[in-house]
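To start, the structure under review is shown below, and the notes come after it.
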Amino acid sequence: MKKRVALVLGSGGARGYAHIGVIEEIERRGYEIACIAGCSMGAVVGGIYAAGKLDEYRRWIESLDYLDVLRLVDVSFKLGAIRGEKVFGQIRKIVGEVNIEDLRIPYTAVATDLTNQQEIWFQEGCLHQAMRASAAIPSLFTPVVQGNRTLVDGGLLNPLPIVPVVSSHCDLIIAVNLNSTAQNHYTLPVIERPAAFRLRFDQLLSSLGSHLPFRRKQAEQLLRLEQQTLKADAAVLPNPWLAETANPTLQQAAAAPLAEAAPKSATGSVIIDNVGPASLLDLINQSFEVMQTSLAQYKIAGYPPDVLINVPKRVCRFFEFYKAPELIALGREIASDTLDNYESEKH
């Protein structure tokens, strides 16, 4: 008989893609995911899984190159850098119109009500609205307004929502913490990316963070310039994946200075070690992550899960949403190692 799992998926921005790899490994081992509670990206991935659309969602995010990701950035200069309508519009197309109470397993999405300063649990009603509210990362995505409530990312109060599944009567609780300061031996697998596209995307993110207060007209001009430059690059390299593969010497020469400067692990793998924020957006999100890391430790101490899967927060920046393939693979690797240890202790 399959063991029934109550799965808790934490918040952590782009690292939330690791949840997909974790889910794949849990199912590969024959466990049955019987209920899910999630926050922010954990709520998004968990909701899509509960709706039975995770495979389709994964195919979509893994197909995105840098230009595709850029097209999904609908800039806003009100209460967030990105409106999120394009991203969540695509998620709505994948999942469809569904209510939480109609999902195949119990599901809880956690958001924060800024107006009343309290945690909100979505356990019924529109799934899409619940995911959108839970993932309204402050400074990055605009908040969701419901009547007199202003809803933002649940990670402000509960980045690892274990409590909603405590009474689920499952065989074990597995929690995925995306804000671990341990597990430093794990690094992202290397999947080659076109250097020109990566540079342009990073420049756009820096521009968003540095220019949040300035006039809308100037912002739109900046975005158009970035898009035009990216399209020009794409015209020169109509298939950047093949072009980069076809010229490995050029690729190695361009990457050599960065590789030499980057810190290494004991095995020689490059370690991402951000020494400080590169923009206003980066500053806000790094501050948000510090808070989430501390809160997650309190949640774990108060309600220790049977299995805790720790994804180190240093593997990528909060808003590097173009690293889906790497993060999914990393989530699968960490889940495999953690479940190996758990199963060996039980036998």
Side-chain angles (χ1 to χ4, degrees), residues 9 12-25 27-28 40-75 82-96 98 127-128 131-132 135 137 140-141 178 188-205 223 226-246 251 311 315-333 335:
L9 302 179
R15 291 188 300 278
Y17 287 140
H19 290 318
I20 299 175
V22 171
I23 289 172
E24 290 176 350
E25 182 62 23
E27 291 193 323
R28 188 188 71 81
S40 194
M41 272 295 287
V44 173
V45 172
I48 294 171
Y49 171 81
K53 300 292 184 179
L54 192 60
D55 288 342
E56 188 176 346
Y57 176 68
R58 175 181 174 165
R59 286 194 296 271
W60 173 58
I61 60 174
E62 288 192 324
S63 72
L64 300 176
D65 62 24
Y66 292 89
L67 187 56
D68 294 326
V69 174
L70 180 61
R71 291 193 185 104
L72 293 171
V73 178
D74 46 359
V75 180
I82 301 171
R83 288 193 298 272
E85 293 175 5
K86 292 183 179 180
V87 173
F88 285 96
Q90 181 62 35
I91 292 174
R92 187 191 291 271
K93 288 181 182 177
I94 292 172
V95 175
V98 59
L127 172 63
H128 180 82
M131 293 190 297
R132 176 66 180 85
I137 302 168
L140 188 60
F141 288 109
L178 300 179
L188 285 182
V190 177
I191 298 178
E192 298 298 340
R193 303 285 182 162
F197 279 74
R198 179 171 60 248
L199 176 62
R200 294 297 180 188
F201 190 86
D202 288 342
Q203 287 175 342
L204 174 66
L205 288 175
L223 183 60
E226 292 287 350
Q227 289 174 328
Q228 289 168 2
T229 308
L230 272 171
K231 289 176 181 177
D233 290 342
V236 175
L237 297 177
N239 190 332
W241 314 108
L242 294 178
E244 188 170 17
T245 304
Q251 174 188 328
V311 176
V315 295
C316 80
R317 290 182 295 175
F318 196 80
F319 44 74
E320 291 181 319
F321 289 97
Y322 53 89
K323 293 185 175 180
E326 295 94 335
L327 288 161
I328 291 171
L330 180 66
R332 189 165 51 244
E333 177 188 358

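Rounding to the nearest 0.5 angstrom, the gap separating the CZ atom in R132 from the CZ atom in R92 is 10.5 Å. With rounding to the nearest 0.5 angstrom, the CG atom of L188 is 10.5 Å from the CZ atom of R15. Note that CD of Q90 is 10.0 Å distant from OH of Y57, once rounded to the nearest 0.5 Å. Expressed to the nearest 0.5 Å, how far CG of D55 lies from CD1 of I48 amounts to 11.5 Å. K53 contributes atom NZ, which lies 9.5 Å from atom CD1 of I94 (distance to the nearest 0.5 angstrom).
A18 and V311 get closest at one heavy-atom pair: CB-CG2, 4.3 Å. When all heavy atoms of V22 and G331 are compared, the pair lying nearest together is CG2-O, 3.6 Å. When every heavy atom of H19 is checked against every heavy atom of L178, the shortest pair comes out as NE2-CD1, 3.4 Å. Scanning all heavy atoms of the two residues, the minimum distance from G16 to V45 falls at O-CG2, 3.8 Å.
Salt-bridge check for K323 with E326: failed, with every basic side-chain N at 4.0 Å or more from each acidic carboxylate O. Ion pairing between a basic and an acidic side chain is recognised when a charged N comes within 4.0 Å of a carboxylate O; R28 and E25 show such pairing.
Counting heavy atoms from C-beta on, the side chains of Y49 and E27 come closer than 4.5 Å. Here the side chains of V95 and H128 are not in contact, with every heavy-atom distance at 4.5 Å or above. Two residues are said to be in side-chain contact when any heavy atoms from C-beta on lie closer than 4.5 Å; L327 and E320 fail this criterion. Between I23 and L9 the shortest side-chain heavy-atom distance falls below 4.5 Å. Residues V87 and F321 have side chains not in contact (no heavy-atom distance under 4.5 Å, counting atoms from C-beta outward). A heavy-atom distance below 4.5 Å is not found between the side chains of Y17 and E62.
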Q.
Would L54 and E24 count as a side-chain contact (heavy atoms from CB on, under 4.5 Å) here? Give the steps.
A. CA-CA 10 Å; L54 192 60; E24 290 176 350; 5.7 Å; no

